[in-house]
Amino acid sequence: MEPVEINAGAWYLRALRDDDRVTDVPALDETGLLGTSSGSPAQFVADAASWWADESRFTWAVCEPTTGELIALIAVTKDRQRPDHAHLTSAYRADHTEALAVGSAAVTRFVEGALGLSVDPSAEL
């Protein structure tokens with residue numbers, strides 16, 4: 001599956017990027033959104049593209065629409081034990097809880113409506 005962009009009102013959700021036009025690597029690196037268990041930010045962005053392709057995990061950068069700046073990260077991972085369920089995980093930059101809440105609600109609607117999966121909220125990334 002190709003990554004799906006979502007317009008969530010004041011926030012824009014898109015695939016993670018690291019190319020000649022846009023890179024999310026510095027924001028992921030500077031903010032620590034990935035924690036310590038996800039490897040390097042550049043590798044995480046590369047992995048995110050392959051997860052979309054094999055439909056095992058779907059990731060979105062929650063962005064400020066005028067600048068494209070990544071302010072939160074949302075991931076939905078299919079449950080291996082229950083194929084009709086998925087787990088939502090997230091992380092956000094300081095002072096951006098509203099963006100995360102709005103983005104998470106939009107992602108949940110997409111995953112449940114378009115993919116037919118029940119979304120179980122999980123922990124932070």
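Just so you know, these numbers come straight off a predicted model, no measurement behind them.
- Sparse packing is recorded around CD of E98, with 12 or fewer heavy atoms of other residues, nucleotides or ligands lying under 6.0 Å away.
- Checking side-chain atoms of R14 against main-chain N and O of G68 turns up a donor-acceptor pair under 3.5 Å.
- Put simply, CD on E69 and CZ on R93 are 4.5 Å apart, with the number rounded to the nearest 0.5 Å.
- A single hydrophobic cluster is seen to contain both V62 and V111, as judged by linkage of ILVMFWY side chains at heavy-atom distances under 4.5 Å, directly or through other members.
- Side-chain N or O atoms of R109 include none that pairs as donor or acceptor with a backbone N or O of S104 at under 3.5 Å.
- The OG1 atom of T23 sits 9.5 Å away from the CZ atom of R17 when rounded to the nearest 0.5 Å.
- Across L28, V25, V22, a single residue satisfies side-chain contact (heavy atoms from CB on, under 4.5 Å) together with L70, and that is L28.
- Of all the heavy atoms in I74 and G103, the pair that sits closest is CD1-C, 3.4 Å.
- Atom CG of D24 sits about 5.5 Å away from atom CG of L16, to the nearest 0.5 Å.
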Let me see the working for D19 and R21 under salt bridge (Lys or Arg N to Asp or Glu O under 4.0 Å), right down to the final yes or no. CA-CA 6 Å; D19 56 48; R21 293 182 59 206; 5.9 Å; no
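- Between C63 atom SG and E5 atom CD the span is 9.5 Å, to the nearest 0.5 Å.
- Between W52 and F58, the ring centre distance stays below 6.0 Å.
- Annotation: the span from H96 atom NE2 to I71 atom CD1 amounts to 5.0 Å, rounded to 0.5 Å.
- Contact between V102 and A8 at its shortest, heavy atoms only, is CG1-O, 3.4 Å.
- Transitive grouping of hydrophobic side chains (ILVMFWY, heavy atoms separated by less than 4.5 Å) brings L100 and F110 into a common cluster.
- Proximity of a side-chain donor or acceptor of D84 to a complementary backbone N or O of L117 within less than 3.5 Å is not detected.
- The backbone N or O of L73 sits nowhere less than 3.5 Å from a side-chain atom of W60 that would complete a donor-acceptor pair.
- In this structure, E2 places its CD atom where only 12 or fewer heavy-atom neighbours from other residues, nucleotides or ligands lie under 6.0 Å away.
- Residue D54 holds its CG atom at 11.5 Å from CZ of R57, rounded to the nearest 0.5 Å.
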